[in-house]
Amino acid sequence: MLDIRRIRSDLDAVRDALARRGESAAELDRVHELDARQRRLFVDRDEARSRVRALSKEVATLNREGRAEEAAAPQEESRCLGRTEKRLAEEAATVGEEIRSLLLRIPNLPHPEVPDGDGEADNPVVEVVGYDPDGYGAHQRVPHWEVGEALGILDNGRAAKIAGSMFTMQRGAGATMARALCQLALDRNADAFEEVRPPTLVTSATLTATGQLPKFADDAYHIERDDLWCVPTAEVPLTSVARGEILDEAALPMRLMACTPCYRREAGAAGRDTRGMLRSHEFDKVEIFAYATPEQSPALLEDLLARAVGLIDLLGLAHRVVEICAGDLGQSHHRSLDVEVYAPGCDRWLEVSSVSWFADYQARRADVRYRPAGGKGTEVVHTLNGSALAVPRVWAAILETHRRPDGSVAVPEPLHPYMRGITEIR
RNA sequence: GGAGAGGUGCCGGAGUCUGGUUGAUCGGGCUUCCCUGCUAAGGAAGUGACGGGGCAACUCGUCCGUGGGUUCAAAUCCCACCCUCUCCGCCA
């Protein structure tokens, strides 16, 4: 959520920044207008309240001095003021609710360096590593769903029997490799990140802090009976770890990581990418996350990206980095970069990580602040996160990239320690 | 799920029965200063967040789990909900 004070003092700049995303200013202007109204109401309300307090003290004094009969007049005046105050307070609250619900829907401002663009097609490729379109043999040009089924390690037919379409099931060495990927990702980041195993069913407040609610409720699984939501990513619980807290600057950056299942309804994607492991309602992912000061954030963004890219590199997969343009930026994102892995069997670039800087947008929703060392007062922290490794698409790219002419798949060496001795799948 | 106890400031812990100058006694912690060769001990002062108004000094308001209600006035009385603890039940 944007800082209301910034909207108040710098409306034009905010409007221009939103325009870069292709966002209309209607809601913004409405917030600006409501804010002025609410502040006028506050002034009047506070004045009435202050007077009530003074009158109450007067009554108390009169009672104490045994002159209770003289208290009738101030009591009556106070009663009257109380009604005025209540009406003003209710009106201010109504306005406040409208402001909040608008603010929750207005997206974040893009970082000045975010490239212009209207959509995905305008996202500039920043870097390409290990990709040679002519360097793949026929044995690698087989989609992973065929490879997986042939090797008996992917059984989506039975997954559908168990849970319906758009679920996947890995078996044998395939399941082992899925877990090994998580272990590798955690171990590689344990140098700087505290491992957390958070709840993956969360309250509406938690899902609102990161931006999924209220606007994207259809994308998440909701357990109505208990009013809990299945997390779409560990970003959701991790961002709420310090919700409502004030951190010491010395504690920043606070780096957390978590391996969790991720649940997505894929409401807008029905019928898309239905084969294999490209898109499913449930998958495992290792997320890396940080609370930081504004000054620490740019370097952290680079570090998160380097860590995500480093893992893909380690697994011997061709990949590229794409910067998300203003028009394609997610609602909460201030700046964002995607890592895409090349899958030769599908002949597609698959998004396997999204590394993002949210500035104070999520932290203001979550009310996470810090006390600047030496300074007074508090500041809203910045949050950043990225997928260290999202299992399914990496798993798919491994099957396609490391398939050998004889149809077997070589397990990348960094996974061996976690594979119970399995070094190839045949 | 049932029964009971409880949620107060950075922490501990009063105040709630008997509503009233209580943003809140007291202790600890922390910060600054004084004393001290150093340490320990001691002395003094300070010590929250949020919102509004004001060029500013400053000032007004809100916050005692959350949300309502009663009252001139609520940490204190009433209602609902949430959370924690103990016991029982259930359970990996």
Side-chain angles (χ1 to χ4, degrees), chain A residues 1-9 31-104 197-209 223-229 237 240-252 254 261 291 360 363-381:
Chain A
M1 152 169 106
L2 300 181
D3 186 353
I4 186 76
R5 279 169 297 197
R6 182 139 179 225
I7 295 175
R8 196 179 295 159
S9 64
V31 166
H32 185 73
E33 181 192 318
L34 290 170
D35 174 55
R37 209 166 106 201
Q38 192 190 34
R39 273 152 63 219
R40 280 195 303 274
L41 288 166
F42 277 152
V43 171
D44 295 345
R45 181 207 60 185
D46 286 358
E47 204 174 301
R49 209 170 258 177
S50 172
R51 184 81 187 119
V52 166
R53 284 172 64 115
L55 286 167
S56 294
K57 283 183 181 174
E58 223 174 279
V59 172
T61 308
L62 289 170
N63 284 340
R64 203 162 341 102
E65 292 173 355
R67 302 192 288 157
E69 68 286 353
E70 291 174 45
Q75 279 187 10
E76 180 48 36
E77 188 186 350
S78 183
R79 207 188 330 261
C80 181
L81 276 166
R83 280 191 291 267
T84 307
E85 185 232 297
K86 193 176 176 189
R87 180 177 54 76
L88 289 167
E90 276 168 5
E91 207 176 322
T94 306
V95 172
E97 269 165 40
E98 194 178 341
I99 290 172
R100 181 170 164 82
S101 80
L102 285 166
L103 280 179
L104 286 176
R197 174 48 249 234
T200 54
L201 297 182
V202 302
T203 61
S204 297
T206 298
L207 206 63
T208 301
I223 298 164
E224 293 196 8
R225 190 172 156 127
D226 298 295
D227 194 19
L228 289 170
W229 302 78
S240 278
V241 163
R243 200 169 75 230
E245 297 184 23
I246 301 173
L247 308 170
D248 283 329
E249 179 168 358
L252 301 175
M254 184 186 287
Y291 292 114
D360 57 7
R364 183 169 293 103
R365 286 167 163 254
D367 187 26
V368 183
R369 289 167 290 161
Y370 72 100
R371 233 181 274 284
K376 32 177 184 188
T378 59
E379 300 285 335
V380 179
V381 304

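Keep in mind the model is a prediction, meaning the values are calculated, not measured. In what follows, chains carry the letters A, B, and so on, assigned in the order in which the sequence lines appear, proteins first and then strands, with residues in each chain numbered from 1. Note that these values count all heavy atoms, side chains included, but never hydrogens, waters or copies made by symmetry.
Using a 4.0 Å heavy-atom distance criterion, Arg5(A) is classed as a sugar-phosphate-only contact. Note on Arg8(A): only backbone sugar-phosphate atoms sit closer than 4.0 angstrom, heavy atoms only; bases stay farther off. Residue Ser56(A) is in base contact, counting any heavy-atom pair closer than 4.0 Å across all strands shown. Nucleic acid contact for Thr378(A): sugar-phosphate only, since backbone atoms but no base atoms lie under 4.0 Å from a heavy atom of the residue. Across all strands shown, Val43(A) has heavy atoms under 4.0 Å from sugar-phosphate atoms exclusively, and none from any base.
By the neighbour-count criterion of 12 heavy atoms within 6.0 Å, atom CZ of Arg8(A) is densely surrounded, having more than that number from other residues, nucleotides or ligands.
Picking from rA49(B), rG20(B), rG52(B) the nucleotide with the shortest atom distance to the side chain of Arg39(A) gives rG52(B). Of all nucleotides listed (rC60(B), rA73(B), rC50(B)), rC50(B) comes nearest to the side chain of Arg369(A). Closest contact between the side chain of Arg79(A) and the listed nucleotides rG61(B), rC72(B), rG51(B) involves rC72(B). Listed candidates were rG61(B), rA73(B), rG48(B). Nearest to the side chain of Ser50(A) is rG61(B). Each of rG51(B), rG61(B), rU70(B) was ranked by its minimum atom distance to the side chain of Lys86(A); first place goes to rU70(B).
A donor-acceptor pair is defined here as one N or O able to donate and one able to accept, closer than 3.5 Å; no such pair exists between the side chain of Arg369(A) and the backbone of Glu245(A).
With hydrogens and angles ignored, a donor-acceptor pair closer than 3.5 Å exists between the side chain of Asn63(A) and the base of rG20(B).
Within the structure, a side-chain polar atom (N or O) of Arg53(A) is placed less than 4.0 Å from OP1 or OP2 of rU62(B).
Nucleotides rG19(B) and rG69(B), compared at atom C1', are 15 Å apart to the nearest Å.
Going from atom CZ of Arg243(A) over to atom P of rC82(B) covers 16 Å, rounded to whole Å.
Between Leu228(A) and Thr203(A), some side-chain heavy-atom pair lies under the 4.5 Å cut-off. Within the 4.5 Å cutoff, the side chain of Glu77(A) has heavy atoms near those of the Arg51(A) side chain.
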